[in-house]
Amino acid sequence: AACACRELLEEAGVETFELELGTVTNAVSSRIGAPPGEDFHYLCVFLRCSIAEEPRYLEPDRATEWEWHPWDDLPSPLDARLGQLKRSGFNPFISSGSSL
């Protein structure tokens with residue numbers, strides 16, 4: 001949890017509060033004979049928090065831009081991990097009550 005808070009401060013300039021566990025997903029993609037790097041197995045921990053300020057774009061060398069989209073209208077195609085999270089029915093805007 002502390003690492004996630006540090007990363008948000010470093011990458012977006014925001015301090016977090018009310019940090020809680022959102023959910024955990026197990027994302028696997030494996031194909032026999034797949035080229036190196038095309039198969040993966042990720043255990044993804046999604047955290048939810050509140051912030052008191054608008055995030056800032058502090059690492060332009062790591063991405064060209066940020067985009068904000070409504071949860072019910074995300075662009076396609078989604079990253080495999082985010083797609084799995086979305087298909088699971090998880091809603092990042094409903095508190096789980098699992099404070100960290």
Side-chain angles (χ1 to χ4, degrees):
C3 177
C5 293
R6 281 193 309 272
E7 286 297 310
L8 277 169
L9 183 60
E10 176 185 310
E11 295 178 14
V14 294
E15 293 196 36
T16 61
F17 58 97
E18 298 176 4
L19 186 68
E20 65 181 38
L21 176 63
T23 192
V24 178
T25 63
N26 185 27
V28 179
S29 175
S30 181
R31 296 178 297 137
I32 295 174
E38 285 193 16
D39 51 329
F40 59 82
H41 185 177
Y42 296 115
L43 180 64
C44 304
V45 179
F46 291 90
L47 302 174
R48 176 185 2 246
C49 69
S50 295
I51 59 175
E53 58 221 333
E54 189 69 25
R56 293 173 283 154
Y57 186 58
L58 299 178
E59 293 188 335
D61 56 314
R62 297 190 64 183
T64 56
E65 64 183 339
W66 284 358
E67 294 180 359
W68 302 101
H69 299 273
W71 182 245
D72 293 329
D73 190 26
L74 296 175
S76 183
L78 290 175
D79 170 85
R81 295 156 290 186
L82 187 56
Q84 181 183 22
L85 181 69
K86 182 83 168 120
R87 287 187 302 278
S88 77
F90 175 74
N91 185 331
F93 302 103
I94 299 174
S95 176
S96 66
S98 301
S99 296
L100 299 176

Checklist entry - Looking at NZ of Lys86 and CG of Asn91, how far apart are the two atoms once the value is rounded to the nearest 0.5 Å? => result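 Nearest 0.5 Å value for the NZ-CG distance: 8.0 Å.
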Next on the checklist: If I take atom CG from residue Leu85 and atom SG from residue Cys44, how far apart are they, to the nearest 0.5 angstrom?
Outcome noted: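 Leu85 atom CG to Cys44 atom SG measures 9.0 Å (nearest 0.5 Å).
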Next on the checklist: Donor-acceptor check, side chain of Glu53 to backbone of Glu15, threshold 3.5 angstrom: yes or no?
Outcome noted: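 Yes; judged by distance alone, with no hydrogens or angles, the pair exists.
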Item to check | Polar side-chain atom of Arg48 near backbone of Thr23 as donor-acceptor pair, under 3.5 Å | outcome: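 Judged by distance alone, no pair lies under 3.5 Å.
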Could you pull out the closest heavy-atom pair between [X] and [Y], with the gap in Å?
X	Y	value
Leu19	Cys5	CD2-SG, 3.7 Å
Ala52	Phe17	N-CE2, 3.7 Å
Ala1	Leu47	CA-CD1, 4.4 Å

Checklist entry - So Phe90 and Trp71, would you call those rings parallel, tilted or perpendicular, with 30° and 60° as cut-offs? => result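 Perpendicular, since the angle between the ring planes exceeds 60°.
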Item to check | Shared hydrophobic cluster, Val45 / Phe93 (ILVMFWY, side-chain heavy atoms < 4.5 Å) | outcome: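 Cluster IDs for Val45 and Phe93 differ.
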Checklist entry - Is Phe46 linked to Leu21 within one hydrophobic cluster, defined over Ile, Leu, Val, Met, Phe, Trp and Tyr using a side-chain heavy-atom separation of less than 4.5 Å? => result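 No, separate clusters.
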Checklist entry - Got His41 and Asn26 here, is their nearest side-chain heavy-atom distance under 4.5 Å? => result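 Side chain of His41 against side chain of Asn26, heavy atoms only: contact under 4.5 Å found.
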Item to check | Evaluation steps, side chain to side chain contact (heavy atoms under 4.5 Å, CB included), between Cys49 and Leu8 | outcome: CA-CA 10 Å; Cys49 69; Leu8 277 169; 4.0 Å; yes
